[in-house]
A.B. asks: 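Take a look at the following structure, please.
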Amino acid sequence: MQVCLGVMNMMNFFLFLFLSIFLLCHPISASNLHKTKQLTLNLVSEPTSSHDTPTRYFEVTKPIELPKTKPCSYHILHHHFGNTYHKPPVLAHYTPPSICQSQNLSKIVLEWKATSKGKQFDRIFGVWLGGVELLRSCTAEPRSTGIVWTVEKDITRYHSLLLNQQNLTLVVYLGNIVDKTYTGIYHVDITFHFYPHNHHERKKFKSLAFGSGFHADLILPISRNLPLNDGLWFQIHNSTDVSLKEFIIPQNAYRAVLEVYISFHENDETWYSNPPNEYLVANNLTDTPGNGPFREVVITLDEMVVGSVWPFTVIYTGGVNPLLWRPISGIGSFDLPSYDIEITPFLGTILDGKIHLFRFSVTNSLNVWFIDANLHLWLDGKSSRTEGKLLNYIDKPLVESLVFEFNGLNGTFLTSVKKSFLSTGWVNSSFGNITTSFVQDFNYYNSMVMTKNGGKQTVNQIIDFNDSVLAKVPSPFRDLVDDTNRKFSLYLDSEEVLEQDNDDTYLSVSNFTLGIDEKKSKSQDYGFSNSILNNLQGGQGRMVVKKDMVVSAVGETQQDYKYTSDEYCYFRKIGSSNYTILYDEVKDSCNKKCH
Ligand SMILES: *[C@@H]1O[C@H](CO)[C@@H](O)[C@H](O)[C@H]1NC(C)=O
Ligand SMILES: *[C@@H]1O[C@H](CO)[C@@H](O)[C@H](O)[C@H]1NC(C)=O
Ligand SMILES: *[C@@H]1O[C@H](CO)[C@@H](O)[C@H](O)[C@H]1NC(C)=O
Ligand SMILES: *[C@@H]1O[C@H](CO)[C@@H](O)[C@H](O)[C@H]1NC(C)=O
Ligand SMILES: *[C@@H]1O[C@H](CO)[C@@H](O)[C@H](O)[C@H]1NC(C)=O
Ligand SMILES: *[C@@H]1O[C@H](CO)[C@@H](O)[C@H](O)[C@H]1NC(C)=O
Ligand SMILES: *[C@@H]1O[C@H](CO)[C@@H](O)[C@H](O)[C@H]1NC(C)=O
Ligand SMILES: *[C@@H]1O[C@H](CO)[C@@H](O)[C@H](O)[C@H]1NC(C)=O
Ligand SMILES: *[C@@H]1O[C@H](CO)[C@@H](O)[C@H](O)[C@H]1NC(C)=O
Ligand SMILES: *[C@@H]1O[C@H](CO)[C@@H](O)[C@H](O)[C@H]1NC(C)=O
């Protein structure tokens, strides 16, 4: 009999899942470090690269559209992240370089460049400027011959912070532990690149579009304050835990958007594969993360819900099977998405110059979620006071359905959740009396099937949501319309088979697909801008784990990235197998006139 270990097998499967949680973008809470034996990520028989050159890891994404101008570059940090866990974050002083300031800028890019060599877990990290988060990311896992990777992020939306404020502190927190086994130190350089406008390009004038295409005048941090021995993110430990931040806004704001950064770790690292508690209780699985597979980040302003985030299922670089992400990293793993919540309908309630409160909570959450936010504010240059009022506010409760059936460790669990949210309010400023509506419609579906006495788990999940902002603006200004439809899909099939006569060795086989589809339509200076992204990744991996050591692993990954917009297109089809790129086709023209 191949699989006859019943509960033992299941227990091991979950033990395996549990262990693998600590392989993932690893925040190392002290308790975990001593709780369980960890799987080492580096293979006993690791395929070596033919030359001793570092392997370049990357996330497939469209390049940032840059003007053909020479950037003014500002190298702000060079640091070696060795034993940094539970130590204060690394700080650097930042004052906008006057040479860069004197130009009319078109784009600002943050470049994170890192190298590492040896063995190390993947680590979560964050980069903040003046408490405003600029980047949430996960490190790549090194190998003995060394690795290098670069993350380039368009940070033009933080324009006012980067150029108008003096004497800011850059904060980087990356909690790493180096010892005899885990030798990987992360050597990091951070540079800001300021790209001036190309004078030959059509210049974007501040035109008749209201608050659109232009960046906020002020960005307030909704994060924790220094000093800390940790990141500036708040930590949410369970479903009743609430993090909060007090703030005051200037009394002449006419638009507000809250940008929320989110990452999930430890027991909720793979929340989408957590079974319902009924199943765990019935099977006496006490160490397995549960609460089912649905999570919602809820944002509250004073006592009112202002919107939700149903997050993308980022898989970090140690997730499922580390070989799946070498060298093509998981979607979003090097640049975790942030989520915008339109606050303008509620602006009237916070224009009184008094202290107000944002709160974050996560429905069904287990330990631990890292959340913080940036409040982007547009200020009325022609008046010192704006006023407004909330007109309508509908926060419909979740409509949930959980249908399940299980017999011992075999089972099928179907979870579906729906929700709608609407807020409308007016703000009177020198632009006139503007009524803004924010609508969110969410749809969630998760199917989880356990077979082979729990030795095999198949998860299929789709999150589909529409966010829509409409600001009705008196003439001569144009209405602001910003509609986004997103679909986050995940399929994860994993099986673990204990080797016969050898209960400390098992084979783990897994398949996944991970996708983001995004359709955007937004009012621009003249007309609308539309874009469509279809980004789909798939992979197959096998690994043999003996006494918590991965003794052999293979992985193949394919990705199909398609982005089209009115001005720009980018297509990339790429595949890899055990570190080797098998094919890589790139096309960056829309080819509208061809064929
Ligand atoms: C920046 O733009 C303003 C207004 O368009 C113009 O007057 C100024 O000369 C420009 N500065 C530079 C350095 O190009
Ligand atoms: C910037 O901060 C430093 C140290 O905190 C201080 O010595 C300096 O005076 C400040 N400069 C300005 C322009 O505020
Ligand atoms: C939830 O987390 C908070 C903060 O860590 C803690 O105070 C509280 O006791 C926890 N609640 C439960 C039910 O575990
Ligand atoms: C769970 O534990 C209880 C009490 O120890 C025991 O009676 C029961 O049979 C166990 N159930 C399973 C499925 O192992
Ligand atoms: C709206 O705001 C403008 C500019 O701040 C102001 O002049 C006007 O009186 C306001 N309208 C009302 C009805 O308060
Ligand atoms: C702005 O418009 C709303 C809705 O049309 C109206 O209720 C409100 O009184 C107006 N406010 C001002 C200051 O004119
Ligand atoms: C989002 O909008 C699209 C297109 O209008 C629609 O097909 C889809 O059902 C909507 N999704 C939700 C969750 O409302
Ligand atoms: C669970 O399913 C497997 C096949 O996937 C079967 O061999 C086993 O008997 C089932 N166990 C129970 C308790 O039904
Ligand atoms: C992986 O995918 C293949 C092909 O779709 C399938 O036959 C196999 O059962 C899958 N195995 C696992 C463990 O996911
Ligand atoms: C990766 O390893 C698997 C299993 O040994 C093998 O089938 C595959 O061909 C390897 N890929 C490459 C590019 O060598």
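Ligands are counted one by one from 1 in listed order, and the atoms in each one are counted from 1 as well. These numbers were taken from a predicted model, which means no experiment stands behind them. Values below: all heavy atoms of this structure, side chains included; hydrogens, waters and symmetry mates excluded.
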A.B. asks: For Asn410, counting its heavy atoms only, list the atoms of ligand 8 lying under 4.0 Å from any of them.
C.D. replies: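 In order of numbering, the contacting atoms are 1 (C), 2 (O), 3 (C), 8 (C), 10 (C), 11 (N), 12 (C), 14 (O).
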A.B. asks: Whether Lys354 and Glu246 form a salt bridge (side-chain N of Lys/Arg under 4.0 Å from carboxylate O of Asp/Glu) is what I want to check.
C.D. replies: no
A.B. asks: Distance under 4.0 Å to a non-hydrogen atom of Asn407: what atoms of ligand 8 satisfy this?
C.D. replies: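 Those qualifying, in numeric order: 13 (C), 14 (O).
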A.B. asks: Check Asp372 with Lys245, please: is the shortest side-chain N to carboxylate O separation under 4.0 Å?
C.D. replies: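 Salt bridge flag = no for Asp372 with Lys245.
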A.B. asks: Please check whether Asn428 reaches ligand 6 - meaning an N/O of the residue sits under 3.5 Å from an N/O of the ligand, judged on distance alone.
C.D. replies: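 Between Asn428 and ligand 6, no N or O pair is found under 3.5 Å apart.
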A.B. asks: Under 6.0 Å between the ring centres of Tyr444 and Phe465?
C.D. replies: no
A.B. asks: So if I count the atoms of ligand 3 from 1 in the order they appear, which ones are less than 4.0 Å from some heavy atom of Asn238?
C.D. replies: 1 (C), 2 (O), 3 (C), 8 (C), 10 (C), 11 (N), 12 (C), 14 (O)
A.B. asks: On a heavy-atom basis, which atom in Pro250 and which in Leu218 lie closest, and how many Å separate them?
C.D. replies: CG-CD2, 3.6 Å
A.B. asks: Would you check if Phe413 and Pro276 make a side-chain contact, meaning some heavy-atom pair closer than 4.5 Å?
C.D. replies: yes
A.B. asks: Give a yes-or-no answer on whether the side chains of Asn291 and Asn277 include a donor-acceptor pair shorter than 3.5 Å.
C.D. replies: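 Per modelled atom types, Asn291 and Asn277 side chains form a pair under 3.5 Å.
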A.B. asks: Answer yes or no: does an N/O atom from Thr451 fall short of 3.5 Å to an N/O atom of ligand 8?
C.D. replies: no
A.B. asks: Could any protein non-hydrogen atom be found less than 4.0 Å from atom 7 (O) of ligand 3?
C.D. replies: no
A.B. asks: Regarding ligand 3, does His237 bring an N or O atom to under 3.5 Å of one of the ligand's N or O atoms?
C.D. replies: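 N/O-N/O distance below 3.5 Å does not exist for this pair.
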A.B. asks: Would you call Asp441 and Lys418 a salt bridge, using N to O less than 4.0 angstrom?
C.D. replies: no
A.B. asks: Are there protein heavy-atom neighbours of atom 14 (O) of ligand 8 below 4.0 Å?
C.D. replies: yes
A.B. asks: Nearest heavy atom to atom 2 (O) of ligand 6 wins, so pick from Asn433, Leu391, Thr386, Thr435.
C.D. replies: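 Among Asn433, Leu391, Thr386, Thr435, the closest heavy atom to atom 2 (O) of ligand 6 comes from Asn433.
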A.B. asks: Looking at atom 4 (C) of ligand 8, what's its closest protein heavy atom, distance included?
C.D. replies: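 Looking at atom 4 (C) of ligand 8, the protein heavy atom closest to it is Lys452 N, 4.0 Å.
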A.B. asks: Is Glu387 near ligand 6, meaning one of its heavy atoms is under 4.0 Å from it?
C.D. replies: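 Yes; Glu387 lies near enough to ligand 6 that a heavy-atom distance drops under 4.0 Å.
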A.B. asks: Could you check whether Trp310 and Tyr339 have their ring centres less than 6.0 Å apart?
C.D. replies: no
